[in-house]
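What follows is a set of notes on a single structure, which appears directly below.
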Amino acid sequence: MSTAAETARATAVRPISRSRRFRRSRLGRALLKIPFWILIVAIFVYALFPFYWALRSAITPDNELFATPIVYWPSNPTWQHFHDVLTSSFFLHALLNSTIVAGSVTLLSLVVGSLAAFALGRFRFRGRSFVMYLMLSMTIFPQIAILGALYTMISGFHIVGFVRFPHLYDTRWALVFTYLIFTLPFTVWVLTSFMRALPADLEEAAYVDGATPLQVFYKVLLPLIAPGLVTTGLLAFISAWNEYLFALSFIQTPSHYTVPVAITSFVGPSGAFQFPWGEVMAATVIVTLPLIIATLVLQRRILAGLTAGAVKG
């Protein structure tokens with residue numbers, strides 16, 4: 001007993017070291033957080049500097065774009081580049097094409113992906129895991145690796161046996177079908193995780209009430225995976241909106257160009273001897289701003305979708 005009491009007394013009177021006292025103080029806690037905030041600021045600047053530079057170049061007059069020393073904000077900002085881009089029928093047609101293609105790809109990915117996820121996540125059958133990993137393996141291959149085979153299929157798809165299909169090459173449908181190659185596997189994989197995480201009691205109760213599997217899908221399960229639909233839909237839209245390689249390979253007519261191809265096809269006032277950097281940067285800001293706004297507005301659902309999709313069912 002005496003030994004325990006002496007130990008407790010010695011522990012109670014043991015002085016606190018100066019370094020520990022400093023770490024516990026308000027100033028010490030603030031100084032210890034400085035490296036963390038420096039890292040956050042560095043990441044923030046690294047991520048936003050390209051967009052800032054595009055905006056700076058978009059409002060800088062042409063005679064000041066390559067001035068030295070570098071000016072990080074123009075002395076005489078101008079909105080002429082935005083005016084030239086927004087009044088160009090070539091860019092407006094490309095904006096409409098990208099909207100139609102990306103919207104169609106997103107809609108088809110969600111419809112087909114949710115139905116496939118319902119089958120893979122709520123029914124047990126032989127080969128289910130093989131199908132899941134097969135779809136996941138489709139995202140491993142780079143786009144350039146399958147470009148040749150896709151070009152052959154798209155250019156010769158108008159005749160298959162005795163059935164004649166519309167010619168796909170140089171049309172928006174060529175982009176819609178090819179973009180599904182990299183948006184559909186991701187959509188199916190994420191939505192399957194959502195379907196597996198849902199409790200089986202809701203589904204069983206609906207079957208007891210006489211609901212068909214399709215009614216269970218769109219009346220019971222589909223509203224519950226809304227965060228997953230928002231997450232996968234937005235990511236599929238961004239992927240289709242920013243795609244460049246397939247659009248450059250399968251589209252030949254300038255009136256069918258999407259936004260990435262149209263931006264690289266801008267011609268300056270002096271023809272091919274001058275690249276219109278101001279118009280290109282203005283168009284980049286215009287096509288990027290809606291994606292940023294949509295991400296900020298739907299960020300809660302996106303985070304909820306990514307978190308819930310990782311839950312093991």
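- Using a distance-only test at 3.5 Å, with no hydrogens or angles considered, no donor-acceptor pair links the side chain of S98 to the main chain of L95.
- Using modelled atom types, no side-chain atom of E64 and backbone atom of P61 make a donor-acceptor pair closer than 3.5 Å.
- Put simply, the side chain of N242 never gets that close to the backbone of P260: no donor and acceptor are under 3.5 Å apart.
- Looking only at atom types and distance, the side chain of T183 has a donor-acceptor partner in the side chain of S109 under 3.5 Å away.
- Crowding of W53 atom CH2: a count of heavy atoms from other residues, nucleotides or ligands under 6.0 Å exceeding 12.
- The backbone N or O of A247 sits less than 3.5 Å from a side-chain atom of E243, completing a donor-acceptor pair.
- With hydrogens and angles disregarded, no donor-acceptor distance shorter than 3.5 Å links the side chain of S88 to the backbone of D84.
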Show your reasoning for whether side-chain contact (heavy atoms from CB on, under 4.5 Å) applies to I251 and T258.
CA-CA 9 Å; I251 299 298; T258 56; 5.9 Å; no

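- In this structure a side-chain-to-backbone donor-acceptor pair under 3.5 Å is missing from T288 to V285.
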CA sep, side-chain torsions, deciding dist, call: L175, V105, side-chain contact (heavy atoms from CB on, under 4.5 Å):
CA-CA 9 Å; L175 301 183; V105 170; over 6 Å; no

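- Two residues are said to be in side-chain contact when any heavy atoms from C-beta on lie closer than 4.5 Å; F246 and F182 meet this criterion.
- In this structure, H256 contributes its side chain and D170 its backbone to a donor-acceptor pair below 3.5 Å.
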